[in-house]
Participant: 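One structure, as structure tokens, below. Some questions next.
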Amino acid sequence: MTVFHFLNCAALTFGPHVVYYSATPLSEYDTIGTCVKAAVVYLGTALVKLVCLATLLKVPENDSFDPYQELMKIFIGFIDVAGLYFALTQLTHRNISQNHKFQAVGLGWAFADSVLHRLAPLWIGARGLEFTWEYIFQGLEANANLVMTLSLAALGSLMWLRKNKPRTLVPIIYACALLLATMPSITSYLRRSLEWQTPKVVGFELFSSLVMAFISWQLFSACQRPM
Amino acid sequence: MNCCSISFTSYSDYLADKKYLGGLLILLPEKLNHEPNNEDKGQVKASLAELEQLLLHQQVPYPVYFAFQDDHFDNLLADIRKIASSGQPASATTGGYKLVVSTPEPRKVASPTISNIQGWLPGLKGEGETEQLPTIAIVANYDTFGAAPALSVGSDSNGSGAVALLEIARLFSRLYSNPKTRGKYNLLFGLTSGGPYNYNGTNKWLRSFDQRVRESIDYAICLNSVGSWDNELWMHVSKPPENPYIKQIFEDFSDVSKEMGISVGIKHKKINVSNPRVAWEHEQFSRFRVTALTLSELSSPPDFLESTGGLYDTRESADAESVIRTVRLVSESLARHIYGLKGKNIDVFVENSSLAINPHYIQSWLDLLSRTPRVAPFLQKNDPFIAALKKELSEHTADVHVQSDVLDGMFTFYDATKATLNVYQVASVTFDLLFLLVIGSYLIILFSFLVITTRGLDDLINIFRRPPSRKVKGA
């Protein structure tokens, strides 16, 4: 029954991306091309990130939390933001509304991230005889990651694509984007330094992603309103 | 559930019913001497011996594995007991367990070999003597047999005998290295294999000798299980005790034993040539009409495949002190016989002299033997252990020779003596189905929620009116 378990976990990990694409108007406007382009940009960004990590970071001897190393990691994490910026602004899309553009980019980004980081462990691990909760949590993490990437892309599109936004909201937008970009480091801090267990960390990720999504949505709709 | 808590009757019932089992895992106590007191230790030993005999003599239609008990197993057993007592089927949270042993299909050992190792200490011929010198042989079998070949280290049976032989060889090599103290007897040392199988190796070994060499053997002393006796040792012979040779040897032994404050008894058992069972090693010599005796702590001949160094016969069951006493008894009486010191009360191997018995040597060889499983068919001709024995014997004796032969086909052996057991915690099918339901409903709710928020309720209803291709994809 291990294949069954593998399929279950895969559905939990990748299902939401598919559902999101087919349920929202993304599918109606045929934005798959944008998603694929975003995924390709993600691949390039991941490569650059890997090179940076390999050059700038030493291999940790133990599993402890080293502030300097973590700071470097945060800076390297911002390469992601740069990648998203490139994907949102530089890619030429067919006439596609801003609304759909950030969704498509976020979706492609998150999906590429899931495939790259989670498919191989799933394939190797979840088909083993031993049952662990690990892969179920990993699937939930993928869900949280999707929500966060979408929020970040939404904020990114607000920052870079929308010109006439309310002045008062600008600092909030930037602060939220910063928070979202540092989220991977925050979870890593919780996991390593505070030694939270996986269920707690995943719970935190899900919760924070929902909160961030709500905030981003509010910001986005506030900017939509005619001034 | 350690070995003591198995009730043998229920196990016998299991066997009798031919109930189907995937396999049987027997957990052995980690170390026998960890038992709190001697009585318990004896009990564990006895029940292990009983279990082993049961396994060896019954047909077991499934694999039997042995493992040592440790904390991991304790936790596992506690979990399994909890599940069993709750009576509920195993689920992911309560933990069903799957025990998997991954070994390649065991293959038949094509021609099991036995290796006999021999070494000579040639005596000194007087000038002008042309006759061949008489020979005294000292023999011990070194291999073991047990229900678990990889755990059959046989410290007492017959590691102790082999160690005593090595020490005797070492002592006499010192005497024989100086021409002044070289005796008028050749000494032949033989470490034989195939002991558990009616001393098949001893038979092959004797057969390989020239008739003249065989006739030159004055007598042979076989050492068997001499590692755990208090003050009584038995001399087993197949000729009547009135026989002059036997009488003389027995007197030699009892002289020394009186001085040491121990007693040596004599037991006579006639051999029946038509019976294939050979209970003592000296009986193989007797069949070749060579005078021989076996020194052993066992007062009666063991049954077939009994006392062959099985599960319970670990380092704790052999005691270096007993081996030292055996060495002293044998070497003193031999020295008196060789140098004609009969009745003179001269100790040759006095402590603190250069000829003293070396307890460290005995200890370390006992330790080594107790770490090395020695079931003959799984010891190849070029096994490091055989090479080590050969090297050790050639340190002390000359003309060391390893004779390899094929074990006569009374048994078929299969390899794979060791295996790794993996214990997996597995989820039940019910859990998988439940999980599928949860994920399915989660995805459907997510789908509906997204459709309603982005396109409105009407669109959702429209989707269900259309052919549900998209919905299937989503779910």
Side-chain angles (χ1 to χ4, degrees), chain A residues 1-29 31-32 97 99-100 102-104 106-107 125-140 142-144 146-147 150 154 199 206 210 213-214 217 220-221, chain B residues 76 79 89-102 420-464 466 468-475:
Chain A
M1 294 322 285
T2 55
V3 178
F4 195 2
H5 184 65
F6 166 72
L7 290 177
N8 277 341
C9 288
L12 183 61
T13 312
F14 303 112
H17 302 82
V18 181
V19 166
Y20 192 92
Y21 183 79
S22 49
T24 52
L26 288 180
S27 49
E28 285 182 8
Y29 294 97
T31 51
I32 192 86
S97 79
N99 239 338
H100 296 151
F102 87 81
Q103 288 183 39
L107 190 62
R127 290 185 316 146
L129 268 177
E130 173 88 12
F131 171 83
T132 56
W133 290 97
E134 193 187 337
Y135 299 102
I136 297 173
F137 285 127
Q138 195 184 286
L140 292 175
N143 284 283
L146 170 66
V147 176
L150 281 172
L206 282 173
L210 285 177
F214 181 74
W217 179 48
F220 199 82
S221 44
Chain B
L76 183 70
D79 260 11
S91 69
T93 41
T94 54
Y97 287 99
K98 202 170 216 171
L99 278 66
V100 179
V101 176
S102 46
T420 311
L421 171 77
N422 292 309
V423 181
Y424 296 106
Q425 189 174 25
V426 292
S428 63
V429 183
T430 344
F431 176 81
D432 274 342
L433 284 173
L434 214 67
F435 189 45
L436 179 73
L437 271 180
V438 170
I439 290 177
S441 43
Y442 163 63
L443 291 181
I444 289 168
I445 289 168
L446 186 69
F447 181 82
S448 319
F449 173 75
L450 287 172
V451 170
I452 290 167
T453 48
T454 55
R455 289 191 253 171
L457 191 61
D458 296 340
D459 269 33
L460 183 69
I461 295 160
N462 281 338
I463 285 170
F464 288 107
R466 268 184 271 161
S469 65
R470 209 174 262 165
K471 193 206 143 211
V472 169
K473 193 178 161 194

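Below, read A as the first sequence line, B as the second, and so on, with proteins coming before strands; counting in each chain starts at 1.
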Participant: Counting only non-hydrogen atoms closer than 4.5 Å, does B:Y442 touch chain A with its backbone (N, CA, C, O), its side chain (CB onward), both, or neither?
Facilitator: side chain
Participant: Check whether B:V438 gets within reach of chain A through its side chain, its backbone, both or neither, counting any heavy atom under 4.5 Å.
Facilitator: neither
Participant: Going by the side chain to side chain contact (heavy atoms under 4.5 Å, CB included) test, name the single residue among A:L7, A:N8, A:V3 that passes it with B:D432.
Facilitator: A:N8
Participant: Return the CD1 to OG1 distance between B:I439 and A:T13, rounded to the nearest 0.5 Å.
Facilitator: 8.0 Å
Participant: Contact between B:L446 and A:Y20 at the side-chain level, heavy atoms closer than 4.5 Å - yes or no?
Facilitator: no
Participant: Write down the atom of B:L450, the atom of A:A23, and the distance for their closest heavy-atom approach.
Facilitator: CB-CB, 3.7 Å
